[in-house]
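To keep things clear, I will list the structure first and then write my remarks on it.
The basis for the numbers below is simple: all heavy atoms, side chains too, and nothing from hydrogens, waters or symmetry mates. Because the structure is predicted, anything quoted here is derived from the model rather than measured. The chain is numbered in sequence order, starting from 1.
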Amino acid sequence: MATDATGREPKYQRIAKALKAEIQSGALEPGARLPGENDLMSQYGVARMTARQALGVLQSEGLTEARKGVGVFVRAFQPLRRRGIPRLLRDQWGSGRSVWDADLGDRDLVVDQVEVGEGNASETAARVLGLDGARVWIRSRRFVLDGKPVLLSTSYLPASLVEGSAITEPDTGPGGIYARLAELGHGPVHFREEVRSRMPLPEEAAKLRLPAGTPVMLICRTAFAEEGRVVEVNEMVLDAAAYVLEYDFDA
């Protein structure tokens with residue numbers, strides 16, 4: 001925990017902590033307007049910059065969002081619990097269900113800005129696929145949950161494997177990519193996901209409509225068919241404030 005020269009927690013952190021406690025207790029409900037800079041200056045006897053820093057802490061943690069000319073509000077969007085293991089089970093996509101069905105409940109998901117075409121894989125995907133410059137089919141999608149963009153997803157698949165299949169169409173049909181790969185005789189039998197985080201690139205922030213200071217999580221998923229053949233590399237960019245990553249498994 002950061003402290004000032006006297007060893008005490010900085011004032012802006014103490015103010016942010018008090019406001020965070022109100023949000024977590026429900027005293028400040030989703031959609032509620034937080035006290036403004038002038039209110040915080042008066043209440044805590046601090047300078048404007050200190051009040052601004054306190055509000056900035058909550059925005060950087062994804063708890064609030066600023067509306068230009070109006071104020072700072074508690075984010076009304078409830079994070080999505082992404083169930084990393086059940087969503088990828090064969091029983092899920094193999095029965096024609098979307099991998100998202102394991103996460104959503106009764107929430108409304110829309111896939112928009114779908115782009116499908118042949119091209120060159122990203123550096124990471126090309127290395128994992130071991131294609132040495134061979135062309136791939138690329139599927140880029142944006143996922144919008146309850147009206148909020150939450151995920152950018154780009155899949156890379158070997159062109160020689162999926163050419164002429166529904167995977168090259170905007171709508172891949174029930175069960176999605178993995179069900180179609182299974183029909184081609186290359187259904188995934190193993191997955192690997194790597195997770196890291198960083199601040200978003202400008203185009204990512206724009207597409208996800210991220211409040212200033214909100215980081216993103218990067219998930220790179222590799223799908224393996226029999227004999228260890230890589231059949232898909234999926235690079236995802238997630239709004240970090242919109243997700244809880246859940247991994248539930250037996251010892």
Side-chain angles (χ1 to χ4, degrees), residues 82 84 87-88 90 92-94 98-100 109-145 149-210 214-240 242-243 245:
R82 183 183 187 273
R87 70 197 316 271
L88 293 175
R90 184 183 294 271
Q92 185 72 22
W93 50 265
S98 165
V99 296
W100 279 79
L109 175 73
V110 175
V111 182
D112 72 354
Q113 299 183 6
V114 179
E115 298 180 8
V116 184
E118 274 195 277
N120 296 314
S122 69
E123 182 178 343
T124 298
R127 183 178 69 254
V128 175
L129 288 165
L131 295 179
D132 296 326
R135 304 282 278 182
V136 296
W137 274 90
I138 305 171
R139 299 183 55 84
S140 297
R141 297 88 79 199
R142 184 177 73 164
F143 291 77
V144 180
L145 181 65
V150 295
L151 168 68
L152 307 176
S153 175
T154 304
S155 292
Y156 301 93
L157 304 103
S160 60
L161 181 65
V162 302
E163 191 72 52
S165 74
I167 291 173
T168 66
E169 302 294 332
D171 184 357
T172 57
I177 290 174
Y178 300 140
R180 303 293 79 74
L181 284 170
E183 291 169 356
L184 293 170
H186 300 286
V189 297
H190 180 73
F191 295 96
R192 180 181 66 221
E193 289 193 342
E194 299 176 353
V195 183
R196 56 194 177 92
S197 64
R198 59 164 167 77
M199 297 307 295
L201 301 175
E203 59 268 29
E204 294 167 347
K207 286 185 177 181
L208 291 173
R209 302 177 196 161
L210 297 177
T214 303
V216 292
M217 291 184 289
L218 308 179
I219 299 180
C220 181
R221 180 168 68 230
T222 305
F224 299 86
E226 295 286 356
E227 300 180 354
R229 180 177 184 179
V230 177
V231 291
E232 181 216 26
V233 174
N234 187 349
E235 297 180 337
M236 293 166 270
V237 181
L238 295 73
D239 174 357
Y243 278 91
L245 303 185

In this structure, which one of Asn234, Leu129, Val230 forms a side-chain contact (heavy atoms from CB on, under 4.5 Å) with Tyr156?
Leu129

Passing option when Leu157 is tested against Val231, Val233, Leu181 for side-chain contact (heavy atoms from CB on, under 4.5 Å):
Leu181

Looking at side-chain heavy atoms only, is the closest gap between Leu152 and Val216 below 4.5 Å?
no

Flag the pair Arg196 / Cys220 as yes when at least one side-chain heavy-atom distance between them is below 4.5 Å, and no otherwise.
no

[X]: which residues meet the salt bridge (charged side-chain N to carboxylate O under 4.0 Å, His left out) condition with it, sequence neighbours left out?
X	result
Arg135	none
Glu226	none
Glu194	Arg192
Arg82	Glu193

Extract all donor-acceptor atom pairs below 3.5 Å that involve side chains of residues 169-178 and protein atoms in other chains or at least two apart in sequence.
| residue | atom | partner | partner atom | Å |
| --- | --- | --- | --- | --- |
| Asp171 | OD1 | Gly173 | N | 2.9 |
| Tyr178 | OH | Arg221 | NE | 2.9 |
| Tyr178 | OH | Arg221 | NH2 | 3.1 |
| Tyr178 | OH | Glu232 | OE1 | 2.5 |

Once side chain to side chain contact (heavy atoms under 4.5 Å, CB included) is applied, do any residues pair with Ala242, and if so which ones, sequence neighbours excluded?
Phe77, Val150, Asp239

My understanding is that only residues two or more places apart in sequence, or in another chain, count here; which of them pass side chain to side chain contact (heavy atoms under 4.5 Å, CB included) with Ala182?
Trp93

Say you draw a straight line from [atom1] of [X] to [atom2] of [Y]; how long is it, rounded to the nearest 0.5 Å?
X	Y	atom1	atom2	answer
Thr214	Leu208	OG1	CG	10.0 Å
Leu151	Leu109	CG	CG	9.0 Å
Ser122	Ile138	OG	CD1	8.5 Å
Ser140	Lys207	OG	NZ	7.0 Å

Which heavy atom of [X] sits nearest to which heavy atom of [Y], and what is that distance?
X	Y	value
Ala125	Glu235	N-OE2, 3.9 Å
Ala223	Phe191	CB-CE2, 3.7 Å
Pro200	Pro215	CD-CA, 4.2 Å

What residues, two or more places apart in sequence or in another chain, satisfy side-chain hydrogen bond (donor to acceptor under 3.5 Å, both in side chains) together with Glu204?
Arg198

Using side-chain hydrogen bond (donor to acceptor under 3.5 Å, both in side chains) as the criterion, list what pairs up with Thr168, not counting sequence neighbours.
none

Do Leu201 and Val237 pass the side chain to side chain contact (heavy atoms under 4.5 Å, CB included) test, and can you show the C-alpha distance, the side-chain angles, and the key distance before you say yes or no?
CA-CA 10 Å; Leu201 301 175; Val237 181; over 6 Å; no

When you check the side-chain N and O atoms of Ser153 and Arg139, is any donor under 3.5 Å from an acceptor?
no

Determine which pairs satisfy salt bridge (Lys or Arg N to Asp or Glu O under 4.0 Å) with at least one residue from residues 112-122, sequence neighbours left out, and list them in order.
Asp112-Arg142

More than 12 non-hydrogen atoms from neighbouring residues, nucleotides or ligands closer than 6.0 Å to CD on Glu203, yes or no?
yes

